[in-house]
Amino acid sequence: MLGNTSDRQRIAQQRLRIIAGHLQGPVDGDSAILAAECKAQGSKTDVCREGKTVPRRRQEIMKWNGWGYSDSKFLFNKKGQAEFTGKRYRLSGMIIPGLKDWMEGTFGANLQHKTPATPLLTSSAVQPATLNKAFLEELKSTGIPFSHDAEDRVFRAHGHCLHEIFALREGKFGRVPDMVVWPNCHNDVVKIVELACKHNVCVIPYGGGTSVSSALECPPEETRSIVSLDTSQMNRILWIDEKNLTAHVEAGIVGQDLERLLNESGYCTGHEPDSMEFSSLGGWVATRASGMKKNIYGNIEDLVIHIRMVTPRGVIEKSCQGPRMSTGPDIHHFIMGSEGTLGVVTEVTMKIRPMPEYQKYGSVVFPNFEQGVACLREVAKQRCAPASIRLMDNEQFKFGHALKPQVSSIFTSFLDGLKTFYITKFKGFDPNRLCVATLLFEGDREKVLQHEKQVYDIAAKFGGLAAGEDNGQRGYMLTFVIAYLRDLGMDYYVIGESFETSVPWDRVLDICRNVKARIIQECKDKGVQFPPLSTCRVTQTYDTGACVYFYFAFNYRGLSDPVHVYEQVEHAAREEILANGGSLSHHHGVGKLRKEWMRDTVSNVGVGMLKSVKDYVDPDNIFGNRNLL
Amino acid sequence: DKIRALDPMLKKRDDFEDMLEERRNSSDLRYALRCYTPVLYKGLAPCKASMLKSMVLQSDQLHHVIGQVSRETGRAADDVQEEASAILEEMAHCLQLSTVRFFAFTLSKVFKTLFRSICVNEEGIQRLQQAIQEHPVVLLPSHRSYMDFLLMSYILYTYDIALPVIAAGMDFMGMKFVGEMLRMSGAFFIRRSFGGDKLYWSVFSEYVKTMLKNGFAPVEFFLEGTRSRTSKSLTPKLGLLNIVMDPYLKGEVYDINVVPVSISYERILEEALYAREMLGVPKPKESTSGLFKARKVLSEDYGSIHVYFGQPVSVRSLAQGRVNRCQFNLVPRHIPRRPSEEIQSFVNDSAYRLVRAQEENMVLKPWVLLASLLLQNHHQDQTAGQKRGMVLEELTAQAVWLRDMFREYGAFLHWPVVLLDICVGGQVKPGEPHSTVTPEEELLSQAVIVLSCASYRNQGLHVFLRPALLASAINAASSNLKQEVFNSFSFLRNMFSNEFILCPGATVQDFEEACYLLVKTGALQVTQQELLVTERGQRTVAFLTSMLDPFLQGYQVVCRFLCEEATENLTEKQFVPAVRKFIIKHLLAGRLRYTEVLSSDLQKNSLAALLRLGAVQKIKGRIKLSKVTYSSVFLLRTCVNLTYNC
């Protein structure tokens, strides 16, 4: 009886909270809504009426040659101060006083030296579409919407690799899909794939378009008509099973919609990749995605219960939803990471969890990166990692600092000054060596506080000092705006990108040092005129190792082919990663960018295995994006 | 680009500064007490010797090996740990600035008495300073004298560069007081052999790696392993080089800078000692009292020293495209493993490259040329049964000819403006022994002088080595056909690869290099099929051939000894005395031309070569002609025939 009452109470509270949320919009305070705040809130009409963020014509709300929403971007205003436009993010509408100095100091960039992008997409510069008439005729009869408009096609010809965006900014387009189709459900996809097989048309699935592995690039040697299959309109939650805590969802849904819609019922998946505003469920499955809060919720492979995929051979799926099976190799593992080479993921059953009662950010300052890594290793050893724990190196710490918005009160800035004084003077931390870990705790209040204490106690053993919730929260917010920042850099001769790896614990420090040094050396050798930004962070912890991100950017003034230089340096950095025991990728995938290392990564037999699966499932290479193998 | 690689003339070298000059003009005491603030790797604070020890003892690698040894021997882990600690205690340096200052003072006094000048290339010093800040540094000086490492530390102190820690042989430890002094000036001591001792190896390698990868101090050791008694570079030892390259290969550091240092003495302190040692007079055990007795050397003139700090070599760039570092991905890095074949061959090739880099920057004095000429002349005299020496004018003329040839081959010559102000008039020839009793004793005292002379000649051998091998090969080959000449070149090169620095597997490059140099100097014509010695090349080829002649005869006589006199029970220990007896007999009978073949160094090298080529075998410490009789006899024959042809 007792349990029943509390259950009822809980549900009632949830309802209340959701209703309040609808009425008031996000509120400040320690409620769970705080987490959602740093993500895009979407336009009001979308949220309430249809729950759709992504329209068929993406160009209505998104940039065609940069990251994210058209209304959100960094710029230098007339006073020469950096500003973030729009209303979607916490940082929106704010002045960022430190950014200009940081950009000038770090890259030697100069506001006088601009490299503006081509403002408009000129359709005439796009290759005319090669259409397969018979396919087109039959497709028309199905009533599935499609387009061969140049803008639509260009939008689906790229991900967000540096070279892809750079080319767009210069108004250059390579091979683009010849048409785009928007299936509305699983059966639509079945029809499209059948027709594609019948008429020998190449199909490239497209989800959120956030790939950073050249996975969406059309193979230039492809002579068949290429159809981009955009899953964005397959974005419904088909059912929620509260008994088993699962949800059955169409694979085209993007992360922010999935979370928001589940939240309305009091649930979440807890899967939050950095790209979650735009990346789709199907994309996560196809690339083996990882989410920021995997310590509590798991990575995509832990979250998926059932997958439905349409292949040229037919539909592949399991017959039941048992939580674990011993039925030979798990067929899900042929699908996860297949990167669109085998078929289209149409529907996925996922684990869901009740929304956490309480969330708390936190941060810890360490005297140096070594101590920070040692602390993360200990946290992993004791298996007490918070929902998220990330360690930034000194350069990133400084970068985070540069992105602090203008503070409104004198009191806050006074407090900041006091904190800095305490850490650098009183505690003797060297401002050029110290580094910061950001933390996110989730769960019920009691446990969160207990957990928090445990983690801070461990940190203290490694010389760590608690540095407040604010620093932590800002760290996570930066995740969502950092991609916008690259566009700003590209306006001023600065290009860059991030790439990731996973590595055993004993190698973490070595790989960080060596890859950063290699980047700096390669830049020098390749004639880069300015010292590059070469920094890293540890973003995930596991029992036996960690995920490490590298950020690399440089000022390319004086270089005739900056993108080529960039690619050479990134290539060298990847070689260095592999030579230091790092993996080819932790969650970005292989695509075409890292294909050359697949054989060394999984052995000849491994490649043979994957190939034979491809040969069976898709003998005519209908899914011809040529990723992975 | 290929030409540049082949042509030694195109090498650029720095100028020298005499560092003793300032010592002669200012206070040694003030110099010894001056402020010494070297820049360290990445601005590190220096690490106390005690902290270093505890880092080593707590290392994963040592921990692992202690566990392993404890399991294998059944001893308690604490006990093994204790032993490790004792090994470390015996080994570790404890660098103290006060001792360094003491040495700075005394060495200033000593050096000023012994040497006219100590010349250092200051640009090299600057490069070293830069290198130390960038990456951990390994210093690899050539090794001709005990003086080498004192001299190195002295120079680095003078230029305000971080003092190195130096791998020294255990024999110094015998000298009680001096051993400790050296320890306090940065030496650490390693046993000469510890083949199977896992624990020792582990402590040792971890100790070196800890110092290196943390950048606490440059690590210094001698690639040649021991002092060269002959002034020829010795075949590099790979143990320590393996250890210092390991942190790079395993990704523990981004890179390591290796700096070859060439120390050329005008006259080596141990000169006469070496000759005696090679002739069988055993070397005195290092002892403090012996050192004092040796102080009479203070009254002699040892000329000048040239120290050339070479271009730092990045281990990363050496390994580029040669070593796949992924091979360490699947086993924890702290578990000691035998280096893979790939790595062994990489380290071996690097070692040869580095020794060659040392050789290239060795400064050659006129004495080297004169000694070469006098020795050749001496041997001609002997064959002719005369004792006439050389007329000074003739010697001068030949020396000038030879000097030009040295230059063309890219030698680093220091040719003073005024030459030979000491020897005025008369005839010049190797000195005469004073009073002698038996013919054997006379022979031996003669040999001491010849071997000393040879050690001067040997300083310049590396300049001509490849052309000389080619010249001998042309002489030995039955025709001028390129292929035939190449075959005999390849045979000679292979046979001599224990004697000279010849990197295994580089036969074709060496052949090309030799051809290139001889063609460039107009001594050789190369057609599609043939190699032809030109008219004016005759003299060059004759000179080059006779450079190698003593060595060929040495190998020949060892072969003959093994065929004719080796008994069933010849042990390795007995080998040298037995060969010596055999050679003395033949020399006295006038059947051998070169007294030089009495050198035990030559004899040991030829035995090593014959073992390597499979002509003889070592079974239970005994030397036997190979069971594969046919091939071994054939080999020896070829060897003997060749030398007869020459």
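Within every chain, numbering begins at 1; the chains are lettered A, B, ... in the order of the sequence lines, protein sequences first and strands thereafter. The figures here come from the full heavy-atom set of this structure, side chains too, leaving out hydrogens, waters and symmetry mates.
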> Any residues in residues 242-257 of chain B near chain A, with a heavy-atom distance under 4.5 Å, and which are they?
Replying inline: Lys250(B), Gly251(B), Glu252(B), Val253(B), Tyr254(B)
> Going by the ring-ring contact (aromatic ring centres under 6.0 Å, His included) test, which pairs reach into residues 524-551 of chain A, not counting sequence neighbours?
Replying inline: Tyr542(A)-His586(A), Tyr549(A)-Tyr551(A), Tyr549(A)-His587(A), Tyr549(A)-His588(A)
> If contact means a heavy atom pair closer than 4.5 Å, which residues of residues 515-527 of chain A contact chain B?
Replying inline: Ala517(A), Arg518(A), Gln521(A)
> Counting heavy atoms not belonging to Glu341(B), are there more than 12 under 6.0 Å from its CD?
Replying inline: no
> Crowded around Arg353(B) CZ? As in, over 12 foreign heavy atoms under 6.0 Å?
Replying inline: no
>> Does His564(A), at its NE2 atom, have more than 12 non-hydrogen atoms belonging to other residues, nucleotides or ligands within less than 6.0 Å?
In response: no
> Pairs in or reaching into residues 316-335 of chain B: which pass salt bridge (charged side-chain N to carboxylate O under 4.0 Å, His left out), with residues at least two apart or in two chains?
Replying inline: Asp506(A)-Arg333(B), Asp510(A)-Arg333(B), Glu576(A)-Arg316(B), Glu576(A)-Arg325(B), Arg322(B)-Asp349(B)
>> Please check if the number of heavy atoms outside His63(B) that lie under 6.0 Å from its NE2 is greater than 12.
In response: no
> Taking all non-hydrogen atoms of both residues, which atom of Leu578(A) and which atom of Asn329(B) are closest, and how far apart?
Replying inline: O-ND2, 3.4 Å
> How far does CG of Asp600(A) sit from CG of Asn324(B), to the nearest 0.5 angstrom?
Replying inline: 7.5 Å
